[in-house]
Every structure is written in structure tokens, then in C-alpha cells.
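For reference, the structure discussed in these notes is given below.
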Amino acid sequence: MKKSTMTLLSALLVAPMMTFAGSMMSEAPDNAEVYFVQPTDGATVGQTIKVVFGLRNMGVAPAGVDKKNTGHHHLLIDTDVPADLSKPLPATDKIKHFGGGQTETEIELAPGTHTLQLLLGNHAHVPHSTPVVSDKITITVK
Ligand SMILES: [Cu+2]
């Protein structure tokens, strides 16, 4: 057998196993939905903002708890959803984790226009295979 054929064969055998072992993603139901209860899109708010997270057709579980059809909230502030959703979400000033299973928070923002978006992550902070992400809302802080 030629070396190139062997390489191809081993790649074919190894690739599916690596995909399985390497993926930290969880499945989400098709009708899963994450949204802001408050604030609403276009709202004008003070500098201390109560944010309430809504989730339909899935449950909230703390980080570390691997239970089907659950996840925990991540609040994206003035940033886009990361391009690579196959990895755990970083924890930054712009990506806040609610790994305790919290469904609301209070944030402080400077006066001006800001965007907020919610993205659900699984037990390992990885977005689901079909990402459960809210609309991006814009608020004005006075
Ligand atoms: Cu997280």
C-alpha cells in the first residue's frame, strides 16, 4: 500500500473520533430562545441598569452541571458574538458569565449608546451547536 493511501486511511479513521472527543458543544432544542425581559431595545436608562434575562424552552443550570437542554447566561456588552463559537467563551469586561445560574444582574455603564446581547453557554461555557443568542439591543444611558 502506498504511503499516501495509508495517510488518507488513517485520517479517515481518526477524524470522526477527534471530532467527537474535541467537541465540547451541547445540543439545544430548535425552539430555544433567549431574550431580554429588561431593558427593552431602544430604552433610555440611568447609569445603573438592572438587566433581566429571559429563556424559553430550556433550563438554566450552573456552569459545571452537564444536564440536557440547559445552559447559563452570558451578557455581551458593546461587542459582537465571537466568531468561533466552538470554544469556551472568554471572561472579559465585555463578556460576563453568570455561571451561578443567575437570571438577572445590575451593571454600570457610562453615558452614551451601548449594545447588549445574551448568549447561552453550556456547562463548559461553550455555546450550543445551534447558538442560543438574543437579538442585540441598543440602549441609551443618560
Ligand atoms: Cu460561562
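Bear in mind the structure is a predicted one, so any value in this text is a computation, not a measurement. Indexing begins at 1, ligand by ligand and atom by atom, following the structure's order.
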Inset, instruction - Keeping waters out of it, list the protein N, O or S atoms under 2.8 Å from the Cu ion (ligand 1). - result: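 Within the sphere that stays under 2.8 Å of the Cu ion (ligand 1), the protein atoms of type N, O or S are H72 NE2, H74 NE2, H97 ND1, H125 ND1.
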
May I have all residue pairs that pass salt bridge (charged side-chain N to carboxylate O under 4.0 Å, His left out) and include part of [range], sequence neighbours excluded?
range	value
residues 33-47	E33-R56
residues 70-79	none
residues 102-126	K50-E104

Legend entry - L116 vs I107 side-chain heavy atoms within contact, under 4.5 Å: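 Touching, per the 4.5 Å side-chain cut-off.
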
Inset, instruction - Determine yes or no for a side-chain-to-main-chain donor-acceptor pair under 3.5 angstrom, with D135 supplying the side chain and I137 the backbone. - result: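 Between the backbone of I137 and the side chain of D135 there is no qualifying donor-acceptor contact (under 3.5 Å).
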
Inset, instruction - State, without any angle test, whether H123 and H72 hold a side-chain donor-acceptor pair at a distance under 3.5 Å. - result: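 Per modelled atom types, H123 and H72 side chains form no pair under 3.5 Å.
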
